[in-house]
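See below for the structure under consideration.
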Amino acid sequence: MSLIKKELTEKSGFTMEFSVSKEVYAKAEIEAYKKNVKSINIPGFRKGKAPKAIIEKYYGKDIWFEDAINACIPEAFEEAVKEAGLDIVGQPQFDLVSNDGDIVLKAIGFVKPEATIEGYKGIAVEKKVDAVSDADVDREVENARKRNARTVDVTDRAAAMGDIANINYEGFVDGVAFDGGKGENHDLTLGSGAFIPGFEEQIVGKAIGEEFDVNVTFPEEYHAAELAGKAAIFKTKLNAIKFEELPALDDEFAKDVSEFDTLDEYKADIKAKMVKRNEDKAEREVENALANALMEKLVCEIPEVMFEAETENFVRDYDTRLRQSGLDMATYFKYTGMTLDGLRAQMRPQAEQQVKVRLALETIAKAEALTVADEEIENEYKRISEAYNVPADQVKAMIAAEDIKADLLVGAAMKLVRENAKVGAAKAKKASTKKAATAAEGEEKKPAAKKSTAKKASTEEKTEEKKPAAKKTTKKAAEKAE
């Protein structure tokens, strides 16, 4: 038994004394010796060969203490926590109480706070489902045509809007070339707006092989201050002209891009998927509205450490997504001007919401005496295994069944709140055609003569939409499987 005593303090604090037996510590001390001996020099002995007793005589017996006790703390503390029945949040602070015989340590930290919540049944929310029009479907079909277009070389006419012009260019201000103003064999879609205003229009009407000047003025808000508002001349050569030829809009096209035999069937499938997508989006918005309502109804004094820990979880998740995209945090900070503290500050509000919503749902699950069957836990293990392509046995080794159960109870609580909510149907609204068109297209912008450099990556864009019943265990599986 490692627990000696515990005490709950105000604002969800706790102190707890627990012990590490002499026998356990002695084994840890031997391991600490084995770990460190190779780097220790003692006169008269080859490096790394001095006996433990000799090293202790030379440096003092406490030379191993820090490594040994740090190795002992996790298991002893976990055992004491179980005996005490505490639900610890955050990382506690450990202090040495006694080193006479068994080692006695004191842990100081926080437990999950007691919470209450009322009025979680019958919450009134609106559900807004965007309508899907024929124009929306036609736009999706048109995007598919563009994705399947073939590039055709032009040899018998001058450049026109919509063409892809392959150009060489070099920019000069006051007769002096400037950094980033030169490019060769660059493909520029005329009319895309990728380059600064007036550039693309001056290529229209030019013939292949023609060399000419493009006269432009950099915008006043241009990202490079030394060029903002300046007149510039770009020495330009048109190397080649191409255009994208769209496939005919017929049944053959539908067969090529889908599993359907006719264009009508293909369009019907697109519409069904768009309807489902809009319905799912509306349902997520309902759950988010319910989550916001639950946060307002939650009565709880939450320790700061819970918000800090969840913020760090968000930062780690963001770092993982950056690395999956071939970036790292240092590169991201370099190009965006963001700092680690700035990133934390940006993610803090969402982290606070996550903590509050989960506490609310855990409180509801307890109040409603919700339960989770063993079969549900097994199914969740299977789902995680398949989602992350990790063997089920490995998932079980990484994630305790109690953690799976806790997540499932949170999900069950949200389901209960959703089933008892008063959901009113709001007037359907039509999705913005401008937004859809903008999202579907977009010419890559090169650094030479474009309007601005690559936009700063937005953490708000890359951070996942808040989900009321966040699953902690899935996150663990993903991180450990990498």
note = Applying side-chain hydrogen bond (donor to acceptor under 3.5 Å, both in side chains) to Asp319 and not counting sequence neighbours gives Arg323
Identify all side-chain donor-acceptor contacts of residues 408-424 below 3.5 Å with residues at least two apart in sequence or on another chain.
residue, atom, partner, partner atom, Å
Arg418, NE, Glu283, OE2, 2.5
Arg418, NH2, Glu283, OE1, 3.0
Arg418, NH2, Glu283, OE2, 3.3
Asn420, ND2, Leu416, O, 2.7

remark   = Those residues at least two apart in sequence (or on a different chain) that pass salt bridge (charged side-chain N to carboxylate O under 4.0 Å, His left out) with Lys255 are Glu252
message = Using a 6.0 Å distance limit plus a 45 degree cone around the ring axis, check whether Lys396 lies over the aromatic ring of Tyr381.
response = yes
message = Check Glu312 with Arg344, please: is the shortest side-chain N to carboxylate O separation under 4.0 Å?
response = yes
query = Would you say the side chain of Glu170 lies within less than 4.5 Å of the side chain of Phe234, judging by non-hydrogen atoms?
reply = no
Residues which pass salt bridge (charged side-chain N to carboxylate O under 4.0 Å, His left out) with Asp256, listed by chain and number, not counting sequence neighbours = none
ask   = Less than 4.0 Å between a side-chain N and a carboxylate O, is that true for Arg139 and Asp136?
value = yes
task = Evaluate the side-chain proximity of Phe253 to Val141: yes if any heavy-atom separation is below 4.5 Å, no if none is.
result = yes
Contacts of type side-chain hydrogen bond (donor to acceptor under 3.5 Å, both in side chains), residue Arg147, not counting sequence neighbours = none
request  = Salt-bridge test for Glu78 and Lys82: reply yes if a basic N is under 4.0 Å from a carboxylate O, no otherwise.
outcome  = yes
request  = Would you mind checking if Asp280 and Arg284 are paired as a salt bridge, meaning a charged N to carboxylate O distance below 4.0 Å?
outcome  = no
query = Between Glu362 and Lys366, is there a side-chain N and carboxylate O pair less than 4.0 Å apart?
reply = no
query = Going from CD on Glu378 to CD1 on Ile404, what distance comes out if it is rounded to the nearest 0.5 angstrom?
reply = 9.5 Å
ask   = Parallel, tilted or perpendicular: which describes the rings of Phe199 and Phe195, with under 30° parallel and over 60° perpendicular?
value = perpendicular
task = Answer yes if the ring centres of Tyr169 and Phe212 are under 6.0 angstrom apart, and no otherwise.
result = no
request  = Using a 4.5 Å cut-off on heavy atoms from C-beta on, say whether the side chain of Asp261 contacts that of Tyr266.
outcome  = no
task = State plainly whether the residues Lys235 and Asp213 are in salt-bridge range, i.e. N to O under 4.0 Å.
result = yes
message = When you compare the side chain of Glu244 with that of Ile164, does any pair of heavy atoms fall below 4.5 Å?
response = yes
request  = Run the salt-bridge test on Arg145 and Glu142 with the 4.0 Å N-O cut-off and return the result as yes or no.
outcome  = yes
request  = Could you check if a side-chain atom of Ser385 sits within less than 4.5 angstrom of a side-chain atom of Pro391, using non-hydrogen atoms only?
outcome  = no
ask   = Under 4.5 Å between any side-chain heavy atoms of Leu359 and Lys112, yes or no?
value = yes
query = Any chance the side chains of Asp187 and Asn166 put a donor and an acceptor closer than 3.5 Å?
reply = yes
message = Does any part of the side chain of Thr236, heavy atoms only, come nearer than 4.5 Å to the side chain of Lys206, both counted from C-beta?
response = no
request  = Step by step, work out the salt bridge (charged side-chain N to carboxylate O under 4.0 Å, His left out) result for Arg321 and Asp317.
outcome  = CA-CA 6 Å; Arg321 289 197 297 275; Asp317 290 346; 5.3 Å; no
note = The side chain to side chain contact (heavy atoms under 4.5 Å, CB included) partner of Val315 among Gln346, Glu310, Met347 is Met347
query = With a 4.0 Å cut-off, would you call Asp138 and Lys271 a salt bridge?
reply = no
query = Hey, are Glu184 and Lys237 close enough for a salt bridge, meaning a charged N less than 4.0 Å from a carboxylate O?
reply = no
query = Which salt bridge (Lys or Arg N to Asp or Glu O under 4.0 Å) pairs, counting each pair once, include a residue from residues 294-308, with sequence neighbours left out?
reply = Glu304-Arg348
